[in-house]
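Before any comments, here is the structure.
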Amino acid sequence: MAAIPSLGQGLLPGQIDKAADALDVFDFEAVAQKTLPPAHWGYMATGVDGEDTLKANRQAFTRYQLRTRRFVDVSRMDMSMELFGMKFTSPIVLCPVGSQKAFHPDGEVGAARAAKAKGNLQILSTQTSYGVEDVVKARGGPIWFQLYTTDSFDITTKLVKRAEAAGCNVVAVTVDLPSGRNTSSMMRFQRADTRVCANCHTDATGNLANPRVGGGVSTTKPMFADINPQGLGLTSPSLTWDFIKRLKDVTKMKVVIKGLETREDASLAMEHGADGIIVSNHGGRATETGRGTIECVAEVAQAVRGRIPVIMDGGVRRGTDIFKALALGATAVGVGRPYIWGLSSYGQQGVERVIEILNNELRLAMVGCGTRTLKEITSSSVIDTARRA
Ligand SMILES: Cc1cc2nc3c(=O)[nH]c(=O)nc-3n(C[C@H](O)[C@H](O)[C@H](O)COP(=O)(O)O)c2cc1C
(Lines give C-alpha, C1' and ligand atoms only; values in the text may rest on other atoms or scores of the structure.)
Protein backbone atom coordinates (compact mmCIF):
# COMPACT_ATOMS: atom_id res chain seq x y z
CA MET A 1 0.00 0.00 0.00
CA ALA A 2 1.28 3.49 -0.81
CA ALA A 3 2.44 5.61 2.13
CA ILE A 4 -0.24 7.94 3.45
CA PRO A 5 0.78 11.50 2.73
CA SER A 6 0.87 14.11 5.47
CA LEU A 7 -1.26 17.23 5.34
CA GLY A 8 -0.24 19.72 2.66
CA GLN A 9 1.93 17.19 0.93
CA GLY A 10 -0.63 15.55 -1.33
CA LEU A 11 0.83 12.62 -3.21
CA LEU A 12 4.35 12.10 -2.02
CA PRO A 13 6.42 14.18 -4.44
CA GLY A 14 7.75 12.18 -7.32
CA GLN A 15 5.22 9.32 -7.03
CA ILE A 16 4.04 9.84 -10.57
CA ASP A 17 4.30 7.77 -13.72
CA LYS A 18 3.56 10.43 -16.30
CA ALA A 19 3.57 14.20 -16.67
CA ALA A 20 -0.20 14.47 -16.44
CA ASP A 21 -0.14 13.01 -12.91
CA ALA A 22 1.93 15.85 -11.47
CA LEU A 23 0.02 17.92 -8.92
CA ASP A 24 2.58 20.64 -8.44
CA VAL A 25 5.99 21.40 -9.88
CA PHE A 26 7.74 19.69 -6.96
CA ASP A 27 6.54 16.33 -8.25
CA PHE A 28 8.87 16.91 -11.18
CA GLU A 29 11.73 17.99 -8.93
CA ALA A 30 11.62 14.61 -7.20
CA VAL A 31 11.48 12.68 -10.51
CA ALA A 32 14.31 14.78 -11.96
CA GLN A 33 16.54 14.09 -8.98
CA LYS A 34 15.96 10.35 -9.37
CA THR A 35 16.45 10.48 -13.15
CA LEU A 36 19.51 12.68 -13.60
CA PRO A 37 23.11 11.67 -12.99
CA PRO A 38 24.45 13.37 -9.83
CA ALA A 39 26.72 15.77 -11.74
CA HIS A 40 23.90 17.01 -13.97
CA TRP A 41 21.50 17.31 -11.04
CA GLY A 42 24.19 19.21 -9.13
CA TYR A 43 24.78 21.58 -12.05
CA MET A 44 21.10 22.50 -12.04
CA ALA A 45 20.12 22.45 -8.39
CA THR A 46 22.97 24.30 -6.74
CA GLY A 47 23.88 27.93 -6.18
CA VAL A 48 27.15 29.47 -5.01
CA ASP A 49 29.11 29.37 -1.73
CA GLY A 50 26.69 28.40 1.04
CA GLU A 51 23.61 28.88 -1.18
CA ASP A 52 22.12 31.74 0.84
CA THR A 53 20.87 33.66 -2.22
CA LEU A 54 19.35 30.45 -3.60
CA LYS A 55 17.44 29.95 -0.34
CA ALA A 56 16.52 33.66 -0.10
CA ASN A 57 14.82 33.47 -3.50
CA ARG A 58 12.27 31.01 -2.05
CA GLN A 59 12.10 32.31 1.48
CA ALA A 60 11.43 35.93 0.48
CA PHE A 61 8.05 35.05 -1.05
CA THR A 62 6.70 34.38 2.45
CA ARG A 63 7.16 38.07 3.24
CA TYR A 64 4.20 38.89 0.98
CA GLN A 65 0.62 37.75 1.44
CA LEU A 66 -2.39 38.02 -0.83
CA ARG A 67 -5.25 40.45 -0.15
CA THR A 68 -8.42 38.67 -1.17
CA ARG A 69 -11.44 40.45 -2.65
CA ARG A 70 -14.96 39.04 -2.89
CA PHE A 71 -18.07 39.39 -5.03
CA VAL A 72 -16.17 40.18 -8.19
CA ASP A 73 -17.43 38.42 -11.33
CA VAL A 74 -14.53 36.06 -12.00
CA SER A 75 -16.36 33.85 -14.48
CA ARG A 76 -14.11 35.08 -17.29
CA MET A 77 -10.39 35.40 -16.72
CA ASP A 78 -7.72 36.70 -19.09
CA MET A 79 -4.09 35.94 -18.23
CA SER A 80 -2.69 37.00 -21.59
CA MET A 81 0.32 39.25 -21.83
CA GLU A 82 1.94 41.33 -24.56
CA LEU A 83 5.63 42.02 -24.83
CA PHE A 84 7.18 44.01 -27.68
CA GLY A 85 4.12 43.54 -29.87
CA MET A 86 3.83 39.78 -29.32
CA LYS A 87 0.96 38.22 -27.44
CA PHE A 88 1.41 35.31 -25.04
CA THR A 89 -1.13 33.09 -23.28
CA SER A 90 0.19 33.87 -19.82
CA PRO A 91 2.98 35.87 -18.13
CA ILE A 92 5.11 32.75 -17.53
CA VAL A 93 8.47 32.91 -19.29
CA LEU A 94 10.90 30.00 -19.78
CA CYS A 95 14.24 31.42 -18.58
CA PRO A 96 17.48 30.77 -20.42
CA VAL A 97 19.06 27.63 -19.01
CA GLY A 98 22.25 26.33 -20.61
CA SER A 99 23.06 22.81 -21.80
CA GLN A 100 19.56 21.37 -21.77
CA LYS A 101 20.62 18.13 -23.47
CA ALA A 102 22.20 17.33 -20.12
CA PHE A 103 18.63 16.98 -18.83
CA HIS A 104 16.82 15.38 -21.76
CA PRO A 105 17.88 14.49 -25.32
CA ASP A 106 15.25 16.91 -26.71
CA GLY A 107 16.82 19.75 -24.72
CA GLU A 108 15.90 23.27 -25.81
CA VAL A 109 13.93 21.93 -28.79
CA GLY A 110 11.62 20.04 -26.40
CA ALA A 111 11.19 23.20 -24.32
CA ALA A 112 10.44 25.16 -27.51
CA ARG A 113 7.73 22.70 -28.56
CA ALA A 114 6.16 23.05 -25.11
CA ALA A 115 6.35 26.86 -25.31
CA LYS A 116 4.66 26.66 -28.69
CA ALA A 117 1.91 24.31 -27.48
CA LYS A 118 1.17 26.56 -24.51
CA GLY A 119 1.81 29.95 -26.15
CA ASN A 120 4.56 31.13 -23.80
CA LEU A 121 7.77 33.08 -24.25
CA GLN A 122 11.07 31.17 -24.33
CA ILE A 123 14.48 32.74 -23.83
CA LEU A 124 17.35 30.70 -25.28
CA SER A 125 20.75 30.57 -23.58
CA THR A 126 24.00 31.39 -25.39
CA GLN A 127 25.06 28.02 -23.95
CA THR A 128 22.21 26.22 -25.73
CA SER A 129 22.83 22.62 -26.77
CA TYR A 130 20.83 23.11 -30.02
CA GLY A 131 21.51 25.87 -32.55
CA VAL A 132 19.22 28.90 -32.33
CA GLU A 133 17.82 28.11 -35.81
CA ASP A 134 16.54 24.68 -34.67
CA VAL A 135 14.94 26.16 -31.57
CA VAL A 136 13.20 29.01 -33.43
CA LYS A 137 11.88 26.42 -35.87
CA ALA A 138 10.57 24.22 -33.04
CA ARG A 139 8.94 27.23 -31.36
CA GLY A 140 7.39 28.23 -34.69
CA GLY A 141 8.00 31.90 -34.02
CA PRO A 142 10.33 34.37 -32.37
CA ILE A 143 12.14 33.55 -29.18
CA TRP A 144 14.51 35.80 -27.23
CA PHE A 145 18.24 35.16 -27.33
CA GLN A 146 20.15 35.41 -24.05
CA LEU A 147 23.61 36.83 -24.61
CA TYR A 148 26.77 36.18 -22.68
CA THR A 149 28.84 39.14 -23.77
CA THR A 150 32.12 37.21 -24.27
CA ASP A 151 35.31 39.24 -24.06
CA SER A 152 35.52 39.83 -27.81
CA PHE A 153 33.04 42.29 -29.32
CA ASP A 154 33.57 40.79 -32.80
CA ILE A 155 32.45 37.40 -31.55
CA THR A 156 29.60 38.94 -29.58
CA THR A 157 28.45 40.65 -32.78
CA LYS A 158 28.55 37.32 -34.64
CA LEU A 159 26.40 35.65 -31.99
CA VAL A 160 23.91 38.52 -32.02
CA LYS A 161 23.66 38.64 -35.81
CA ARG A 162 23.16 34.89 -35.97
CA ALA A 163 20.32 35.08 -33.43
CA GLU A 164 18.73 37.97 -35.29
CA ALA A 165 19.00 36.17 -38.65
CA ALA A 166 17.36 33.10 -37.07
CA GLY A 167 14.32 35.19 -36.13
CA CYS A 168 14.89 36.29 -32.52
CA ASN A 169 13.27 39.66 -31.77
CA VAL A 170 14.95 40.42 -28.44
CA VAL A 171 18.45 39.97 -27.03
CA ALA A 172 18.64 39.58 -23.24
CA VAL A 173 22.14 40.48 -22.07
CA THR A 174 23.12 38.71 -18.86
CA VAL A 175 25.25 41.00 -16.70
CA ASP A 176 25.34 39.28 -13.32
CA LEU A 177 28.42 37.13 -13.85
CA PRO A 178 31.21 39.43 -15.04
CA SER A 179 34.02 37.47 -13.48
CA GLY A 180 33.46 33.93 -12.26
CA ARG A 181 31.73 32.38 -9.26
CA ASN A 182 32.32 29.78 -6.59
CA THR A 183 30.31 26.66 -7.42
CA SER A 184 31.58 24.47 -4.58
CA SER A 185 28.33 22.52 -4.07
CA MET A 186 28.17 21.68 -7.75
CA MET A 187 31.72 20.39 -7.61
CA ARG A 188 30.80 18.13 -4.68
CA PHE A 189 28.06 16.58 -6.83
CA GLN A 190 30.57 16.10 -9.63
CA ARG A 191 32.89 14.24 -7.26
CA ALA A 192 30.02 12.01 -6.19
CA ASP A 193 29.43 11.05 -9.82
CA THR A 194 31.52 8.00 -10.60
CA ARG A 195 30.84 7.98 -14.35
CA VAL A 196 33.56 8.96 -16.78
CA CYS A 197 32.40 12.26 -18.21
CA ALA A 198 34.32 11.73 -21.43
CA ASN A 199 31.83 8.95 -22.29
CA CYS A 200 29.30 11.64 -23.18
CA HIS A 201 31.26 14.87 -23.23
CA THR A 202 34.01 15.68 -25.65
CA ASP A 203 36.28 16.39 -22.72
CA ALA A 204 36.42 15.64 -19.04
CA THR A 205 35.64 19.21 -18.00
CA GLY A 206 31.99 18.43 -18.73
CA ASN A 207 31.44 20.67 -21.70
CA LEU A 208 28.00 19.24 -22.42
CA ALA A 209 26.89 20.82 -19.18
CA ASN A 210 29.64 23.37 -18.99
CA PRO A 211 28.99 25.31 -15.83
CA ARG A 212 32.11 27.42 -16.01
CA VAL A 213 30.43 30.71 -16.75
CA GLY A 214 33.11 33.33 -16.85
CA GLY A 215 35.53 30.60 -17.81
CA GLY A 216 36.28 29.12 -21.18
CA VAL A 217 34.04 28.54 -24.16
CA SER A 218 33.70 25.23 -25.92
CA THR A 219 33.23 24.29 -29.57
CA THR A 220 30.73 21.65 -28.44
CA LYS A 221 28.25 24.47 -27.97
CA PRO A 222 26.42 25.07 -31.28
CA MET A 223 26.55 28.85 -30.97
CA PHE A 224 30.36 28.64 -30.95
CA ALA A 225 30.70 25.93 -33.57
CA ASP A 226 31.92 28.30 -36.31
CA ILE A 227 33.95 30.46 -33.97
CA ASN A 228 37.43 29.72 -32.72
CA PRO A 229 36.87 29.82 -28.97
CA GLN A 230 40.53 29.42 -28.07
CA GLY A 231 41.13 31.57 -24.99
CA LEU A 232 37.75 33.27 -25.32
CA GLY A 233 35.98 34.30 -22.12
CA LEU A 234 32.23 33.80 -21.98
CA THR A 235 31.86 37.08 -20.10
CA SER A 236 34.11 40.07 -19.53
CA PRO A 237 35.03 41.83 -16.27
CA SER A 238 35.67 45.17 -17.99
CA LEU A 239 32.25 45.95 -19.49
CA THR A 240 30.38 49.11 -18.48
CA TRP A 241 27.03 50.70 -19.36
CA ASP A 242 28.23 51.96 -22.77
CA PHE A 243 28.01 48.32 -23.88
CA ILE A 244 24.25 48.77 -24.37
CA LYS A 245 24.77 51.40 -27.06
CA ARG A 246 27.48 49.35 -28.75
CA LEU A 247 25.08 46.43 -28.85
CA LYS A 248 22.18 48.52 -30.13
CA ASP A 249 24.43 49.78 -32.93
CA VAL A 250 24.88 46.24 -34.29
CA THR A 251 21.33 44.90 -33.96
CA LYS A 252 17.71 45.83 -34.58
CA MET A 253 16.58 43.48 -31.82
CA LYS A 254 15.25 45.01 -28.62
CA VAL A 255 17.89 44.96 -25.88
CA VAL A 256 16.87 43.72 -22.44
CA ILE A 257 19.28 43.62 -19.48
CA LYS A 258 19.15 40.46 -17.35
CA GLY A 259 20.51 40.42 -13.83
CA LEU A 260 19.63 43.81 -12.27
CA GLU A 261 18.36 44.16 -8.70
CA THR A 262 18.54 47.84 -7.70
CA ARG A 263 16.81 51.14 -8.52
CA GLU A 264 20.19 52.69 -9.34
CA ASP A 265 20.92 50.10 -12.01
CA ALA A 266 17.35 50.27 -13.32
CA SER A 267 17.70 54.02 -13.85
CA LEU A 268 21.11 53.62 -15.48
CA ALA A 269 19.77 50.89 -17.77
CA MET A 270 17.03 53.23 -18.97
CA GLU A 271 19.42 56.17 -19.36
CA HIS A 272 21.57 53.99 -21.59
CA GLY A 273 18.69 52.88 -23.78
CA ALA A 274 17.68 49.44 -22.46
CA ASP A 275 14.30 48.31 -23.78
CA GLY A 276 13.54 46.08 -20.80
CA ILE A 277 14.93 44.70 -17.54
CA ILE A 278 15.01 41.22 -16.08
CA VAL A 279 15.26 41.37 -12.29
CA SER A 280 17.34 38.29 -11.60
CA ASN A 281 20.20 36.94 -9.50
CA HIS A 282 20.75 34.04 -11.89
CA GLY A 283 18.68 31.74 -9.68
CA GLY A 284 21.07 32.28 -6.75
CA ARG A 285 24.04 31.32 -8.94
CA ALA A 286 25.85 34.66 -9.04
CA THR A 287 26.37 36.94 -6.01
CA GLU A 288 26.08 35.26 -2.61
CA THR A 289 23.98 36.51 0.33
CA GLY A 290 21.89 38.72 -1.92
CA ARG A 291 18.20 39.47 -1.50
CA GLY A 292 15.51 37.23 -2.89
CA THR A 293 14.55 38.74 -6.24
CA ILE A 294 10.90 39.17 -5.16
CA GLU A 295 12.25 41.76 -2.70
CA CYS A 296 13.92 43.66 -5.54
CA VAL A 297 10.98 43.89 -7.96
CA ALA A 298 9.14 46.82 -6.40
CA GLU A 299 12.33 48.87 -6.16
CA VAL A 300 13.14 48.33 -9.84
CA ALA A 301 9.53 48.81 -11.00
CA GLN A 302 9.28 52.09 -9.10
CA ALA A 303 12.41 53.40 -10.82
CA VAL A 304 11.11 52.29 -14.22
CA ARG A 305 7.60 53.72 -13.74
CA GLY A 306 6.04 51.62 -16.47
CA ARG A 307 8.25 52.97 -19.24
CA ILE A 308 9.80 49.60 -20.12
CA PRO A 309 8.82 46.03 -19.23
CA VAL A 310 10.24 44.49 -16.05
CA ILE A 311 10.50 40.71 -15.92
CA MET A 312 11.38 38.96 -12.69
CA ASP A 313 12.79 35.47 -12.06
CA GLY A 314 14.20 33.50 -9.13
CA GLY A 315 12.54 30.95 -6.85
CA VAL A 316 9.17 31.04 -8.61
CA ARG A 317 7.47 27.70 -7.90
CA ARG A 318 3.80 28.57 -7.39
CA GLY A 319 1.10 30.57 -9.13
CA THR A 320 0.91 32.70 -6.00
CA ASP A 321 4.62 33.55 -6.45
CA ILE A 322 3.84 34.77 -9.97
CA PHE A 323 0.88 36.75 -8.67
CA LYS A 324 3.07 38.44 -6.00
CA ALA A 325 5.69 39.40 -8.58
CA LEU A 326 3.04 40.91 -10.85
CA ALA A 327 1.52 42.78 -7.90
CA LEU A 328 4.92 44.23 -7.03
CA GLY A 329 5.36 45.59 -10.54
CA ALA A 330 6.59 42.80 -12.83
CA THR A 331 5.24 42.63 -16.37
CA ALA A 332 6.08 38.94 -16.70
CA VAL A 333 7.67 36.24 -14.54
CA GLY A 334 10.39 33.72 -15.42
CA VAL A 335 10.91 30.16 -14.26
CA GLY A 336 14.19 28.30 -14.60
CA ARG A 337 14.52 25.10 -12.58
CA PRO A 338 10.81 24.14 -12.54
CA TYR A 339 10.59 23.63 -16.30
CA ILE A 340 13.95 21.91 -16.28
CA TRP A 341 12.55 19.48 -13.69
CA GLY A 342 9.66 18.88 -16.10
CA LEU A 343 12.02 18.48 -19.06
CA SER A 344 14.30 16.10 -17.13
CA SER A 345 11.33 13.97 -16.10
CA TYR A 346 9.20 13.71 -19.25
CA GLY A 347 10.67 15.96 -21.98
CA GLN A 348 8.23 18.27 -23.77
CA GLN A 349 5.20 16.79 -21.90
CA GLY A 350 6.85 17.64 -18.59
CA VAL A 351 7.49 21.26 -19.58
CA GLU A 352 3.91 21.60 -20.83
CA ARG A 353 2.55 20.26 -17.56
CA VAL A 354 4.74 22.67 -15.55
CA ILE A 355 3.29 25.61 -17.50
CA GLU A 356 -0.22 24.20 -17.10
CA ILE A 357 0.16 23.77 -13.31
CA LEU A 358 1.54 27.27 -12.84
CA ASN A 359 -1.18 28.73 -15.08
CA ASN A 360 -3.86 26.97 -13.02
CA GLU A 361 -2.36 28.13 -9.73
CA LEU A 362 -2.04 31.70 -11.01
CA ARG A 363 -5.64 31.66 -12.17
CA LEU A 364 -6.79 30.59 -8.71
CA ALA A 365 -4.75 33.36 -7.06
CA MET A 366 -6.33 35.86 -9.45
CA VAL A 367 -9.81 34.52 -8.70
CA GLY A 368 -9.17 34.79 -4.95
CA CYS A 369 -8.10 38.41 -5.27
CA GLY A 370 -10.83 39.39 -7.72
CA THR A 371 -8.34 40.33 -10.43
CA ARG A 372 -9.56 39.25 -13.85
CA THR A 373 -6.66 40.52 -15.96
CA LEU A 374 -2.96 41.00 -15.26
CA LYS A 375 -3.54 44.76 -15.26
CA GLU A 376 -5.98 44.42 -12.38
CA ILE A 377 -3.21 42.93 -10.23
CA THR A 378 -1.73 45.93 -8.43
CA SER A 379 0.24 46.78 -5.31
CA SER A 380 -3.01 46.68 -3.34
CA SER A 381 -3.34 42.98 -4.22
CA VAL A 382 -0.60 42.01 -1.73
CA ILE A 383 0.59 42.94 1.75
CA ASP A 384 4.27 43.36 2.54
CA THR A 385 4.40 41.90 6.05
CA ALA A 386 7.79 43.50 6.70
CA ARG A 387 6.13 46.92 6.39
CA ARG A 388 2.96 46.02 8.27
CA ALA A 389 5.00 44.98 11.32
C1 LIG B 1 21.09 25.00 -14.75
C2 LIG B 1 20.92 26.48 -14.97
C3 LIG B 1 21.53 27.06 -16.07
C4 LIG B 1 21.35 28.41 -16.32
N5 LIG B 1 21.91 28.94 -17.43
C6 LIG B 1 21.74 30.26 -17.69
C7 LIG B 1 22.27 30.84 -18.87
O8 LIG B 1 22.88 30.17 -19.69
N9 LIG B 1 22.09 32.17 -19.05
C10 LIG B 1 21.40 32.96 -18.15
O11 LIG B 1 21.27 34.16 -18.36
N12 LIG B 1 20.86 32.42 -17.05
C13 LIG B 1 21.01 31.12 -16.80
N14 LIG B 1 20.43 30.56 -15.68
C15 LIG B 1 19.59 31.41 -14.81
C16 LIG B 1 18.13 31.39 -15.27
O17 LIG B 1 17.98 32.07 -16.50
C18 LIG B 1 17.20 32.06 -14.25
O19 LIG B 1 17.67 33.36 -13.98
C20 LIG B 1 17.05 31.26 -12.96
O21 LIG B 1 17.12 29.89 -13.20
C22 LIG B 1 15.73 31.61 -12.27
O23 LIG B 1 15.66 31.00 -11.01
P24 LIG B 1 14.91 29.61 -10.73
O25 LIG B 1 15.75 28.53 -11.30
O26 LIG B 1 14.85 29.57 -9.25
O27 LIG B 1 13.54 29.68 -11.38
C28 LIG B 1 20.58 29.21 -15.42
C29 LIG B 1 19.97 28.61 -14.33
C30 LIG B 1 20.11 27.26 -14.11
C31 LIG B 1 19.42 26.64 -12.93
Side-chain angles (χ1 to χ4, degrees), residues 25-26 28-29 32 36 39-48 51 53-61 92-104 107-108 111 121-129 132 144-150 159 170-178 181 183 185-186 189 206 208-215 217-218 221 223-224 234-235 256-261 277-287 290 292-294 296 311-318 321-322 325 330 332-344 354-355 358:
V25 300
F26 299 107
F28 291 117
E29 181 181 26
L36 293 175
H40 293 192
W41 168 259
Y43 162 60
M44 185 245 300
T46 56
V48 287
E51 258 117 27
T53 307
L54 179 71
K55 288 175 216 153
N57 274 352
R58 279 303 296 139
Q59 181 59 28
F61 280 103
I92 297 165
V93 177
L94 303 185
C95 289
V97 168
S99 309
Q100 293 184 22
K101 270 193 202 169
F103 307 115
H104 190 277
E108 295 82 358
L121 172 63
Q122 178 186 23
I123 311 180
L124 185 70
S125 168
T126 300
Q127 294 288 68
T128 175
S129 39
V132 61
W144 294 11
F145 180 69
Q146 176 269 327
L147 180 71
Y148 280 126
T149 58
T150 82
L159 292 171
V170 177
V171 56
V173 192
T174 298
V175 295
D176 51 19
L177 283 173
R181 58 179 169 177
T183 54
S185 297
M186 184 194 70
F189 275 99
L208 186 62
N210 183 356
R212 295 190 319 136
V213 174
V217 172
S218 151
K221 291 283 185 265
M223 295 309 291
F224 294 97
L234 192 56
T235 60
V256 166
I257 312 297
K258 179 174 186 280
L260 304 187
E261 299 178 57
I277 289 174
I278 304 182
V279 175
S280 174
N281 56 27
H282 218 106
R285 296 158 81 82
T287 309
T293 42
I294 190 67
C296 308
I311 298 164
M312 174 266 172
D313 73 40
V316 173
R317 307 288 182 263
R318 291 280 183 191
D321 299 337
I322 298 167
V333 181
V335 288
R337 294 180 184 85
Y339 87 87
I340 297 300
W341 298 335
L343 182 73
S344 308
V354 164
I355 296 172
L358 293 175

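Residues take their numbers from the sequence shown, with the count starting at 1. Order of appearance sets the numbers: ligands from 1, and atoms from 1 within every ligand.
Within the set Gln100, Met44, Met186, the minimum heavy-atom distance to atom 31 (C) of ligand 1 is found for Met44. Summarising the contacts of atom 19 (O) of ligand 1 with Asp313, Asn57, Thr174, the nearest heavy atom is found in Asp313. Evaluated by nearest non-hydrogen atom to atom 4 (C) of ligand 1, the leading choice among Thr126, Val97, Val25 is Val97. Of the candidates His40, Gln146, His282, the one placing a heavy atom closest to atom 15 (C) of ligand 1 is His282.
A pairwise comparison of heavy atoms in Phe224 and Leu234 identifies CZ-CD1, 3.8 Å as the closest pair. Nearest heavy-atom pair, Val333 versus Ile311, reported as atom, atom and distance to 0.1 Å: N-CG2, 4.4 Å. Closest non-hydrogen pair, Val354 versus Phe28, comes out as CG2-CD1, 3.5 Å.
For ligand 1, the polar-atom distance check finds no N/O of Tyr43 at less than 3.5 Å from any of the ligand's N/O atoms. At least one N or O atom of Gly315 sits closer than 3.5 Å to an N or O atom of ligand 1.
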| task | Please assess Gln122 against Trp144 for the test side-chain contact (heavy atoms from CB on, under 4.5 Å), listing each intermediate value before the final yes or no. | result | CA-CA 6 Å; Gln122 178 186 23; Trp144 294 11; over 6 Å; no

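When each atom of ligand 1 is checked for a heavy atom of Ser280 under 4.0 Å away, the hits are 19 (O). Listed by number with element, the atoms of ligand 1 under 4.0 angstrom from any heavy atom of Tyr148 are 6 (C), 7 (C), 8 (O), 9 (N), 10 (C). Shown in contact with Gly336 at under 4.0 Å from a heavy atom are these atoms of ligand 1, numbered in order with element: 21 (O), 24 (P), 25 (O), 27 (O). When each atom of ligand 1 is checked for a heavy atom of Arg317 under 4.0 Å away, the hits are 24 (P), 26 (O), 27 (O). Heavy-atom contacts of Ser125 reach the following atoms of ligand 1: 7 (C), 8 (O) (cutoff under 4.0 Å). The Cys95 neighbourhood of ligand 1 comprises atoms 16 (C), 17 (O), 18 (C), with distances under 4.0 Å to a heavy atom of that residue. In the vicinity of Arg285, heavy-atom distances shorter than 4.0 Å reach the ligand 1 atoms 1 (C), 2 (C), 3 (C), 29 (C), 30 (C), 31 (C).
Expressed to the nearest 0.5 Å, how far CZ of Arg181 lies from NE2 of His282 amounts to 5.0 Å. The line from OG of Ser280 to CG of Asn57 is 8.0 Å long, rounded to the nearest 0.5 Å. Interatomic distance, His104 NE2 to Leu36 CG, rounded to the nearest 0.5 Å: 10.5 Å.
Side-chain contact annotation: Lys221 with Ser99, donor-acceptor N/O pair under 3.5 Å present.
Judged by distance alone, the side chain of Thr53 and the main-chain N or O of Thr287 form a donor-acceptor pair under 3.5 Å.
Assignment of Gly334 to the shell around ligand 1 is not supported, since no heavy atom sits closer than 4.0 Å.
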